[in-house]
Chemist: 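Can you read through this structure? Questions will come right after.
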Protein chains: 2
Amino acid sequence: MGITKSEIFTKEQNQIASIAKVLGHPARIAILEHLAKVKTCICGDLVNTIGLAQPTISQHLKELKKLDLIKGNIEGNSICYCLHKEKWEEFKDILNQFLSIFSDPENNCC
Amino acid sequence: MGITKSEIFTKEQNQIASIAKVLGHPARIAILEHLAKVKTCICGDLVNTIGLAQPTISQHLKELKKLDLIKGNIEGNSICYCLHKEKWEEFKDILNQFLSIFSDPENNCC
DNA sequence: TTTGTATATTGCAATATTACGATAAAGGTA
DNA sequence: TACCTTTATCGTAATATTGCAATATACAAA
């Protein structure tokens, strides 16, 4: 049905999935990598850097904003986007914890 | 269009996105968590544990198999699924490396 | 062989996602 | 004021994803 049955999963499972989902598109990976590279805030150069139309970039930024991963400060005419560092660290911890669930060396079977 | 313009991104960006995407559904998170909990291989108990129909579970397993995250060994009548540990570690490293792109303390602006 | 059990596949309906042209909104500048 | 730049939103088309009933497949046991 295209709709996810979120209600049958735990809050934690849904949260991990939400974080992973927003990272599940190369454009958003590229946006975050660009944000990391240009240490200062970036504004409208994403459209030029990434090869997607302006409305498409705007939509991807919206997805990132929905999870609070980035914030946008109005700077005169344009908008200065940057990372929400605390959220990033929080999500990083959540993902890292999930990624270590198989760390038990006894976890071997086939 | 629902279709991702993969060709305009790097191989690495696409790979990170692919890994994140497969983790972007709570059912697949639940499957992996279950696999981690029952140290031994699991077979058909996923349908009972998770509240989804058998074809749906089968489809999610297929997604995980597509990325080589799990492997299924035929065990008599049923199938024994387990983690592909090497792949898991590989993907974990890739994600961890990406998640640390903002580690530079100078990365502050807003 | 027949029956039962376990898993995969097919086919379909509903919803979500991706992408972009057109347009709107908001601010700067002449 | 009029014009330009920047970003957001709307509307729409194409494709993807999720979920399940029905069915197929494969094997074991009676």
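In what follows, every heavy atom counts, from backbone to side chain, and hydrogens, waters and symmetry copies are set aside. A note on names: the letters A, B, ... follow the listed sequences, proteins ahead of strands, and every chain is numbered from 1. It should be emphasised that the depicted structure is a prediction, and the values quoted were computed from it without experimental measurement.
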Chemist: Would you please confirm or rule out a distance under 4.0 Å between OP1 or OP2 of C:dA8 and any side-chain N or O of B:Tyr81?
Modeler: yes
Chemist: Select from A:Asp45 and B:Ala53 the residue whose nearest nucleotide in DNA chain D is closer to the 5' end of that strand.
Modeler: A:Asp45
Chemist: Need one value for B:Ile57: base, sugar-phosphate or nothing, where a base atom within 4.0 Å counts as base even if backbone is also close, heavy atoms only.
Modeler: nothing
Chemist: Please report, rounded to the nearest Å, how far the C1' atom of D:dA8 is from the CD1 atom of A:Ile70.
Modeler: 13 Å
Chemist: Please tell me if the side chains of B:Gln13 and B:Thr10 come closer than 4.5 Å, counting only heavy atoms from C-beta onward.
Modeler: yes
Chemist: In whole angstroms, how far is the C1' atom of D:dC20 from the CD1 atom of B:Ile50?
Modeler: 16 Å
Chemist: Need one value for B:Ser58: base, sugar-phosphate or nothing, where a base atom within 4.0 Å counts as base even if backbone is also close, heavy atoms only.
Modeler: base
Chemist: Counting only distance, no hydrogens or angles, is the base of D:dA8 paired donor-acceptor with the side chain of A:Gln59 under 3.5 Å?
Modeler: no
Chemist: In whole angstrom, what separates B:Leu46's CG from C:dA6's P?
Modeler: 13 Å
Chemist: For B:Lys65, what residues pass the side chain to side chain contact (heavy atoms under 4.5 Å, CB included) criterion, not counting sequence neighbours?
Modeler: B:Ile70, B:Tyr81
Chemist: Roughly how many Å is it from CD1 in A:Ile3 to P in C:dA16, rounded to a whole number?
Modeler: 5 Å
Chemist: If you go through the side-chain atoms of B:Gln54, does one of them form a donor-acceptor pair with the base of C:dA6 closer than 3.5 Å?
Modeler: no
Chemist: Hey, can you pull the residues of residues 11-34 of chain A with a non-hydrogen atom under 4.0 angstrom from DNA chain D?
Modeler: none
Chemist: A:Thr56 near the nucleic acid: base, sugar-phosphate alone, or nothing, with a heavy-atom cut-off under 4.0 Å?
Modeler: base
Chemist: Specify the closest pair of heavy atoms between A:Ala27 and A:Leu52, including all atoms of both residues, with the distance to one decimal.
Modeler: CB-CD1, 3.7 Å
Chemist: Between C:dG28 atom C1' and A:Asn77 atom CG, what is the distance in whole Å?
Modeler: 6 Å
Chemist: Write down the atom of A:Phe98, the atom of B:Glu33, and the distance for their closest heavy-atom approach.
Modeler: CE1-CG, 3.9 Å
Chemist: Is the shortest side-chain heavy-atom distance between B:Ile31 and B:Leu64 below 4.5 Å?
Modeler: yes
Chemist: Over all heavy atoms of both residues, which pair between B:Pro26 and A:Asn14 is shortest? Give the atoms and the distance, please.
Modeler: CG-OD1, 3.3 Å
Chemist: Between A:Gly44 and A:Lys5, name the one whose nearest nucleotide on DNA chain D is closer to the 5' end.
Modeler: A:Gly44
Chemist: Tell me, which of residues 60-67 of chain B have any heavy atom that sits under 4.0 Å from an atom in DNA chain D?
Modeler: B:His60
Chemist: Report the distance from atom CD of B:Glu75 to atom P of C:dT7, rounded to the nearest whole Å.
Modeler: 11 Å
Chemist: Side-chain contact test, heavy atoms from C-beta onward, threshold under 4.5 Å: evaluate it for B:Lys92 versus A:Leu99 and give yes or no.
Modeler: yes
Chemist: Looking only at heavy atoms, what is the nearest atom pair of B:Ile50 and B:Ala30, with distance?
Modeler: CD1-CB, 4.0 Å
Chemist: Measuring only between side-chain heavy atoms, which start at C-beta, is A:Leu61 closer than 4.5 Å to A:Leu46?
Modeler: yes
